[in-house]
2 protein chains.
Amino acid sequence: MLSMPRRVALPTNQPDDAEDPANQHGPDALARLRRELARGTAELAVLSVLTSGRRYGYELLKLLERTGAGVLEVKEGTLYPLLHRLEDAGQIAATWEVEGRARPRKYYDITPAGRAHLAVLRAEWTELVNAMHRLLDALDKVEK
Amino acid sequence: MLSMPRRVALPTNQPDDAEDPANQHGPDALARLRRELARGTAELAVLSVLTSGRRYGYELLKLLERTGAGVLEVKEGTLYPLLHRLEDAGQIAATWEVEGRARPRKYYDITPAGRAHLAVLRAEWTELVNAMHRLLDALDKVEK
DNA sequence: GCACATACCTTGTTACGCAAGGTATGCGGT
DNA sequence: ACCGCATACCTTGCGTAACAAGGTATGTGC
């Protein structure tokens with residue numbers, strides 16, 4: 001314990017309370033915060049949307065952007081690699097459609113494997129939400 | 001469109017449905033899935049716990065490990081850097097306590113700035129959960 | 001002495017999400 | 001014809017949080 005302070009109950013970092021709350025919630029900080037919170041939910045969101053029917057990539061982009069005030073929004077750099085990953089894993093199937101269209105589109109369908117995976121994801125998400133709910137709303141009930 | 005398939009509505013990846021569901025949910029895959037889903041929630045969880053009273057690092061580790069069947073578990077490599085980040089940001093205060101103990105412990109208290117930040121985090125988390133809830137339970141009601 | 005628990009620290013790796021860049025075509029206006 | 005914008009898809013480098021794994025140190029029981 002050579003590097004340990006010898007003084008008793010001395011705060012190691014005095015926060016400046018009057019300034020930090022204001023500076024921390026500008027547009028950039030809020031965007032980062034949202035990003036981090038929503039991280040990991042893209043897969044669940046995409047598979048969920050696909051259960052109600054096939055969609056092409058750009059359509060998924062637009063749809064997720066509009067869902068829930070944008071909290072589920074993902075960017076192309078996220079969505080397309082994710083779609084490719086899901087396809088490689090056999091959870092979705094992709095088909096190019098060219099006939100009867102002015103331009104081709106790549107449609108995605110969820111597979112039975114994808115539906116099975118989604119069921120697991122849903123269960124895990126529910127657990128997470130319930131656990132967090134317990135923390136946020138009933139902290140004194142958490143066992144020690 | 002030189003690289004575009006010329007055939008119509010041809011699946012680009014034929015999944016093997018009988019095998020994928022079984023192989024994807026072994027212990028490692030489930031652990032990865034949980035990790036990704038919970039990603040970004042550590043900060044919310046830690047600040048929430050601290051609102052009901054000061055705690056030292058190891059205690060937080062154990063407590064989160066036990067909460068909700070382990071879905072909120074974080075490892076040291078995650079927790080301590082997070083605690084340091086929160087301290088640097090003025091959201092928590094850290095104090096070493098050595099007197100009257102067999103060994104020193106580093107206690108963490110949430111600051112007023114931390115409480116303000118937590119309120120924002122909670123609001124964003126609630127939005128995310130509601131949005132996802134809408135996707136999962138009422139897909140046909142999502143606007144096109 | 002040793003093994004394990006308690007308590008904290010740190011770094012390199014992993015993996016996802018974003019920014020930014022790219023390709024291509026269609027459409028409307030000039 | 002050109003241009004700007006929309007539609008549609010692709011990809012890579014960067015940033016960041018989480019983990020694995022390594023480390024320090026002390027206390028306890030055998």
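Labels below follow one simple rule: chain letters A, B, ... track the order of the sequence lines, proteins then strands, and each chain is numbered from 1.
Applying the 4.0 Å criterion to OP1 and OP2 of C:dC8, one finds that B:Y58 has every side-chain N and O outside that range. Within the 4.0 Å cut-off from OP1 or OP2 of D:dC10, not a single side-chain nitrogen or oxygen of A:Y80 is found. Contact check, A:K106 against D:dC10: a side-chain N or O comes under 4.0 Å of OP1 or OP2.
In this structure, A:R105 atom CZ and C:dT25 atom P are separated by 16 Å, rounded to whole Å. C:dG17 atom C1' lies 14 Å from atom CG of A:L72, rounded to whole Å. Rounded to an integer number of Å, the gap from A:L63 CG to D:dT7 P is 14 Å. The distance between atom CD of A:E59 and atom P of D:dA6, rounded to the nearest whole Å, is 18 Å. Going from atom CG of B:L79 over to atom C1' of C:dC8 covers 10 Å, rounded to whole Å. What separates CG of A:L83 from P of D:dT11 is a distance of 12 Å, to the nearest Å. The CD1 atom of B:I92 sits 14 Å away from the C1' atom of C:dC8 (whole-angstrom rounding). Rounded to a whole Å, the CG atom of A:L61 is 13 Å from the C1' atom of D:dA6.
Helix bend of the helix from C:dG1-D:dC30 to C:dT30-D:dA1: the angle between its two end axes, each built from five pairs, comes to 0° after rounding to 10°.
Between B:L121 and B:E124 there is no side-chain heavy-atom pair separated by less than 4.5 Å. When side chains are defined from C-beta on, A:K62 does not count as touching A:E59, because their heavy atoms never get closer than 4.5 Å.
Partner of B:L50 under the side-chain contact (heavy atoms from CB on, under 4.5 Å) criterion, chosen from B:I110, B:L86, B:L118: B:I110. With B:E97 as the fixed residue, the salt bridge (Lys or Arg N to Asp or Glu O under 4.0 Å) test singles out one of B:K106, B:R54, B:R105: B:R54.
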Chi angles and distances behind the side chain to side chain contact (heavy atoms under 4.5 Å, CB included) call for A:L82, A:V74 = CA-CA 10 Å; A:L82 172 61; A:V74 295; over 6 Å; no
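Ring planes of A:W125 and B:W125: tilted class, angle from 30 to 60°.
Listed nucleotides C:dC9, D:dT11, D:dA25 differ in distance to B:R103; the shortest reach to its side chain belongs to D:dA25.
Remark: the backbone N or O of A:A113 is not paired with any side-chain donor or acceptor of A:H117 at under 3.5 angstrom.
When all heavy atoms of A:T111 and A:A93 are compared, the closest pair comes out as CG2-N, 3.8 Å.
We find the CG-CZ distance between A:L44 and A:R122 to be 8.0 Å, quoted to the nearest 0.5 Å.
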In 5'-to-3' order, the base (B), backbone-only (S) or no-contact (-) status of each nucleotide in nucleotides 13-20 of chain D, using a 4.0 angstrom heavy-atom cut-off, is --BBBSBB
